[in-house]
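Report on one structure; see the data block that follows.
Quick note: numbers below take in every heavy atom, side chains included, and nothing from hydrogens, waters or symmetry partners.
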Amino acid sequence: MTQTAEPQGALDDVSYDQLRQLVGLVDHDASTDPFPVKAMDAVVFVAGNATQTAWYYQIAFGMQLVAYSGPETGVYDRKSYVLKSGSARFVITGGVKPDSPLLDHHRKHGDGVVDLALETTDVDKCIEHARAQGATILEEPHDVSDEHGTVRMAAIATYGETRHSLVDRSRYTGVYLPGYEPRESTIQRPEGAPKRLFQAIDHCVGNVELGKMDYWVDWYHRVMGFVNMAEFVGDDIATEYSALMSKVVSNGNHRVKFPLNEPAVAKKKSQIDEYLEFYDGAGCQHIALATNDIIATVKAMRAAGVEFLDTPDSYYDDPELRARIGKVRVPIEVLKEHSILVDRDEDGYLLQIFTKPIGDRPTVFYELIERHGSLGFGKGNFKALFEAIEREQERRGNL
Ligand code: TYF
Ligand code: FE
């Protein structure tokens, strides 16, 4: 079965053709995948105060609250809020009972991603393959049911204390999972606000310890049958300015993309080292959100108080950049006004921008990305981007 015409994953009203453009899909025959991955099922966060963090994502990221679980629904040790934007789903969870293991996790890592949950067509097949490849199975395949049907689930361990839950929801019609009840936002959207600020998750980046990047790249090959994408940051760039090495793995049709970074020894303290120090280990560094109107998204997020990395005027005034990127859908002056970066490769171009870290620790941040044919990650922007990150590191006293 090829994945061309058929919708994949929990799309809501984002069509497969829209997704192809938004996140850069390629054709792939999934029938022989040893570990069939359809899409991200959810990004699950632990927050120090899930109740207020869920509010932040509704106001600042324009997400819609769709489900809730907690003491009122019979789950006594935690509260979890499920938020959606197009095909993207976030779950924000926090400990209620003082002895909740979530609170131990939060004590160590602060706010962060605990689970990059994947939607699959065959949980048992995935686990069988993962086990044969030596992966740590955190939860054996099991069914969870309610009046809306049955979800088959399991979980495996990845870098740090991060996990990949595996979710087959093909026999389930409920809003998220058994144990959750539908919930609607009570927040009023600003007059004339866009319907939503992003449509899909484009990629989820992991930071791993020095010397571990190739281990984890190989792990994703072996355990999940992922393939390498062309983009990587090697020694050459690393020592000059970025102080990191990076490779990208993805599932067959590129719906799920996981760049993996490790620190590199350079003149200054690596931003990856700063993350590893403050997260206390390997973990998810940034989530890239695909939008079809990055200008409107940035405007709305800034209006809600979200802070983005700034880009010096010299970036936009550079004749070499202007020649390389050619014509894009808006004048360069508009990109300059919003600090949006632009990169072009043989397949097309992309527009992108990065937030500052969103929590108290200098760990998790977001990227917004608007793709126009490019399947890359903005390699041409690495220098400008990493210099902007270093300016922030310096302001924090961590350089
Ligand atoms: O995901 C990427 O590869 C791009 C670039 O610390 C990037 O968003 C890479 C490393 C990093 C920040 C951004
Ligand atoms: Fe990225």
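Side chains of Asn261 and Ser246: a donor on one and an acceptor on the other come within 3.5 Å. For the residue pair Asn207 and Tyr159, no side-chain donor N or O sits within less than 3.5 Å of a side-chain acceptor on the partner. Side-chain contact, Glu161 with His105: no donor N or O sits under 3.5 Å from an acceptor N or O. His372 and Glu370 are linked by a side-chain donor-acceptor pair at a separation below 3.5 angstrom, with hydrogens and angles left out of the test. When only modelled atom types and interatomic distance are considered, His164 and Asp115 share no side-chain donor-acceptor pair under 3.5 Å. No donor-acceptor contact under 3.5 angstrom links the side chains of Asn251 and His28, judged on distance only. In this structure, a donor-acceptor pair under 3.5 Å is absent between the side chains of Gln393 and Asn398. No hydrogens or angles considered: a donor-acceptor pair under 3.5 Å links the side chains of Asp168 and Ser170. For the residue pair Ser185 / Gln58, a side-chain donor-acceptor distance below 3.5 Å is found, with atom types taken as modelled.
Between the side chain of Arg222 and the main chain of Gln133, a donor-acceptor pair closer than 3.5 Å is present. Lys257 contributes a side-chain N or O that, together with a main-chain N or O of Val23, makes up a donor-acceptor pair within less than 3.5 Å. Between the side chain of Ser85 and the backbone N or O of Ala88 there is no donor-acceptor pair closer than 3.5 Å. Put simply, the side chain of Tyr180 never gets that close to the backbone of Ser80: no donor and acceptor are under 3.5 Å apart. A donor-acceptor pair is defined here as one N or O able to donate and one able to accept, closer than 3.5 Å; no such pair exists between the side chain of Arg78 and the backbone of Pro101. Counting only distance, with no hydrogens or angles, the side chain of Thr355 and the backbone of Phe308 share no donor-acceptor pair below 3.5 Å. Judged by distance alone, with hydrogens and angles left aside, the side-chain atoms of Thr73 form a donor-acceptor pair with the main-chain N or O of Gly179 at under 3.5 Å. Judged purely by atom type and a 3.5 angstrom limit, Thr53 has no side-chain atom pairing as donor or acceptor with the backbone of Ala47. Under a 3.5 Å cut-off, the side chain of Asp343 and the backbone N or O of Gly380 do form a donor-acceptor pair. Listed for the Ser100 side chain is no donor-acceptor partner under 3.5 Å among the backbone atoms of Val96.
Put simply, CE on Met40 and SG on Cys204 are 4.0 Å apart, with the number rounded to the nearest 0.5 Å. In this structure, the separation between CG on Leu399 and CD on Glu392 is 11.5 Å, given to the nearest 0.5 Å. Rounding to the nearest 0.5 Å places CG of Leu177 at 11.5 Å from NE2 of His148. The CD atom of Glu274 sits 8.5 Å away from the CD atom of Gln271 when rounded to the nearest 0.5 Å. Note that the CG atom of Leu210 and the CG atom of Leu244 stand 12.0 Å from one another [nearest 0.5 Å]. Going from atom CG of Leu102 over to atom NZ of Lys79 covers 13.5 Å, rounded to the nearest 0.5 Å.
A salt bridge is defined here as a Lys NZ or Arg NE, NH1 or NH2 lying under 4.0 Å from an Asp or Glu carboxylate O, and Asp345 with Lys379 fails to meet this definition. Using a cutoff of 4.0 Å between basic side-chain nitrogens and carboxylate oxygens, Lys269 and Glu277 are scored as salt-bridged. For the pair Lys195 and Asp13, the salt-bridge criterion is met [side-chain N within less than 4.0 Å of a carboxylate O]. At a threshold of 4.0 Å, the pair Lys125-Asp33 does not count as salt-bridged, since none of the basic side-chain nitrogens sits closer than that to a carboxylate oxygen. Salt bridge present: Glu119 and Lys38 bring a charged side-chain N and a carboxylate O closer than 4.0 Å. Using a cutoff of 4.0 Å between basic side-chain nitrogens and carboxylate oxygens, Arg395 and Glu307 are not scored as salt-bridged. A salt bridge does not link Arg324 to Glu320: none of the charged nitrogens lies less than 4.0 Å from a carboxylate oxygen. In summary, Arg89 and Asp41 engage in a salt bridge, as defined by a charged side-chain N under 4.0 Å from a carboxylate O. A salt bridge does not link Asp273 to Lys268: none of the charged side-chain nitrogens sits closer than 4.0 Å to a carboxylate oxygen.
Residues Val91 and Leu138 fall into different hydrophobic clusters, defined by Ile, Leu, Val, Met, Phe, Trp and Tyr side chains chained together at heavy-atom separations under 4.5 Å.
Between Met153 and His142, some side-chain heavy-atom pair lies under the 4.5 Å cut-off. You'll find the side chain of Pro194 stays beyond 4.5 Å of the side chain of Asp293, heavy atoms only. Between Pro178 and Val151 the shortest side-chain heavy-atom distance falls below 4.5 Å. A heavy-atom distance below 4.5 Å is not found between the side chains of Asp310 and His338. Side-chain atoms of Leu166 and Ile127, non-hydrogen and from C-beta on, do get closer than 4.5 Å to each other. Residues Tyr56 and Asn49 are not in side-chain contact: their nearest non-hydrogen atoms beyond the backbone lie 4.5 Å or more apart. Here the side chains of Glu367 and His203 are in contact, with some heavy-atom distance below 4.5 Å. Looking only at side-chain heavy atoms (C-beta outward), Ile340 and Ile294 come within less than 4.5 Å of each other.
Taking the six-membered ring wherever Trp is involved, the centroid distance between the rings of Tyr81 and Tyr57 does not fall below 6.0 Å. Tyr279 and His109 have their aromatic ring centers within a separation under 6.0 angstrom. For Tyr366 and Phe354, the distance between ring centers is not under 6.0 angstrom.
Nearest heavy atoms, Leu335 versus Tyr316: O-OH, 3.5 Å. Across every non-hydrogen atom of Val364 and Tyr275, the tightest pair is N-CE1, 4.3 Å. Across all non-hydrogen atoms, the minimal contact from Pro36 to Cys126 is CD-SG, 3.6 Å.
Tested against Leu385 for a side-chain contact (heavy atoms from CB on, under 4.5 Å), the candidates Ile353, Thr311, Leu309 yield a single pass: Leu309. Looking at Asp202, Val342, Leu341 one by one, the single match for side-chain contact (heavy atoms from CB on, under 4.5 Å) with Gln352 turns out to be Leu341.
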Under the criterion side chain to side chain donor-acceptor pair (under 3.5 Å), I'd like the reasoning laid out for Tyr220 against Thr158: C-alpha separation, chi angles, the key distance, then a yes or no. CA-CA 9 Å; Tyr220 278 102; Thr158 179; 2.8 Å; yes
Which is it for Thr120 and Asp122 under the side chain to side chain donor-acceptor pair (under 3.5 Å) test, yes or no, and what are the steps along the way? CA-CA 6 Å; Thr120 175; Asp122 193 336; over 6 Å; no
Is there a salt bridge (Lys or Arg N to Asp or Glu O under 4.0 Å) between Arg107 and Asp280? Walk through the geometry before answering. CA-CA 10 Å; Arg107 171 66 192 85; Asp280 203 0; over 6 Å; no
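Both the sub-6.0 Å distance and the 45° axial angle are satisfied by Arg183 relative to the ring of Tyr68. Figure legend: cation-pi geometry between Arg371 and Phe377, with NZ or CZ positioned under 6.0 Å from the six-membered ring centre and within 45° of its axis.
Grouped with Ile369 in one hydrophobic cluster are Leu350, the linkage being side-chain heavy-atom contacts under 4.5 Å among Ile, Leu, Val, Met, Phe, Trp and Tyr residues.
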